[in-house]
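Here the structure is a predicted model, which means the values were calculated and not measured.
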Amino acid sequence: MPPTTSIPRFLLPQRSAMWRTRLSIPASTSLTIRNASNQKKNSNSKSKPFVLEKPSKFTPPSHPARLRKQGPRYPGPQLSDEEIARQTTKKYPNMMPPEGSFMHWFMNNKTIHMWITLGTLFTLAGTVWITNFKRNSPFADMLPSWTQLFIHPIACVRTFMEVLKLDSERSTAETMERRKRKVEDVQKRAAYRKAHGMETDDFGGWTAKSDGQLLGPGMPIGDVEGEQPTEQVRPKKPLKKWLGIW
């Protein structure tokens, strides 16, 4: 009989997890396999539908059923009426001013904010207009200084209105001169075309209208028999001035 020798365990082949799992299951236990059932359910079986109970009132899930009437209770004694009144007038850091203070009235008054906004807009508009007037008008050096507005306000306003009148007259004269040059140019073109026989009745033969064409087919004054043109002069009413301004 050959001698028996014990083989060390680390020399034996290791078993995989598959063999270990299968060997660890006892032989007495049997695996149950559930297959898909081929039996059809009875369609004639009457099943009642699942109906929810009708709520008494609409209570969305985001709102609680009961509203909290009292504030949260903090540990400590209840505050007295004097302490509660003192808290309403106390100034806390990084908080809105308390009620009854000047800042609270100033920040919650809509009329003051409206006047501040309109005043800022009108001030900016006036500043831009005066800057453009000083840049474009030749009478800018005749404007009074800002100090005169506080020393002699009436004389300052009167001088300012006279400067505006001079500037408007200058603009009117320049505009009339520009229009006059355009009319003379049209008349010269019409005379040139007429002298060279290029005047036609088409659209290209346009020319400046005469005074009779501008007046139209109306009856001129003084053509009626027994009538002479008379000019009606209305007396001017004296203007009533207040403090010499209006």
Q: Under a single-linkage definition using a 4.5 Å side-chain heavy-atom cutoff for Ile, Leu, Val, Met, Phe, Trp and Tyr, are W115 and M107 assigned to the same hydrophobic cluster?
A: no
Q: Which pair of non-hydrogen atoms, one from D167 and one from P138, has the smallest distance, and what is that distance?
A: OD1-CD, 4.3 Å
Q: Using modelled atom types only, decide if a donor and an acceptor are shared between the side chain of N108 and the backbone of H104 within a distance under 3.5 Å.
A: yes
Q: Does H152 reach the main-chain N or O of Q148 with its side chain, forming a donor-acceptor pair under 3.5 Å?
A: no
Q: Rounded to the nearest 0.5 Å, how far does CG of D81 lie from CZ of R86?
A: 11.5 Å
Q: At what distance, to the nearest 0.5 angstrom, does OG1 of T172 lie from CD of E177?
A: 13.0 Å
Q: More than 12 non-hydrogen atoms from neighbouring residues, nucleotides or ligands closer than 6.0 Å to CD on E82, yes or no?
A: no
Q: How close do L166 and M142 get, counting heavy atoms only, and between which atoms?
A: CD1-CE, 3.9 Å
Q: Mark yes when over 12 heavy atoms from residues, nucleotides or ligands other than F150 sit less than 6.0 Å from its CZ; otherwise mark no.
A: no
Q: For the pair W129 and F160, name the ring-plane relationship: parallel under 30°, tilted 30 to 60°, perpendicular over 60°.
A: perpendicular
Q: With the threshold set at 4.0 Å, does a side-chain nitrogen-carboxylate oxygen contact exist between R170 and E174?
A: yes
Q: Measure the shortest side-chain to side-chain distance between L79 and Q87 over non-hydrogen atoms and say whether it is less than 4.5 angstrom.
A: yes
Q: If you round to the nearest 0.5 Å, how far is CG of N136 from OG1 of T131?
A: 10.5 Å
Q: Rounded at 0.5 Å granularity, tell me how far OG in S145 sits from CD1 in I151.
A: 7.0 Å
Q: Take the angle between the ring planes of F102 and W105 and call it parallel below 30°, perpendicular above 60°, tilted in between.
A: tilted
Q: Which distance, rounded to the nearest 0.5 Å, do you find between the CZ of F133 and the CD1 of I130?
A: 9.5 Å
Q: Identify the heavy atoms of P98 and T88 that sit nearest to each other, and give their distance.
A: CB-O, 3.1 Å
Q: Indicate, with yes or no, if W146 and L143 share a hydrophobic cluster defined by side-chain heavy-atom contacts under 4.5 Å among Ile, Leu, Val, Met, Phe, Trp and Tyr.
A: yes
Q: Donor-acceptor pair, distance only, cut-off 3.5 Å: does the side chain of T120 make one with the backbone of I116?
A: yes
Q: Indicate yes or no: at least one non-hydrogen side-chain atom of L118 is less than 4.5 angstrom from one of M114.
A: yes
Q: Within this structure, what is the NZ-CD distance for the pair K90 and E83, rounded to the nearest 0.5 Å?
A: 10.5 Å
Q: Is the backbone N or O of R181 less than 3.5 Å from a side-chain atom of D185, with the two atoms forming a donor-acceptor pair by type?
A: no
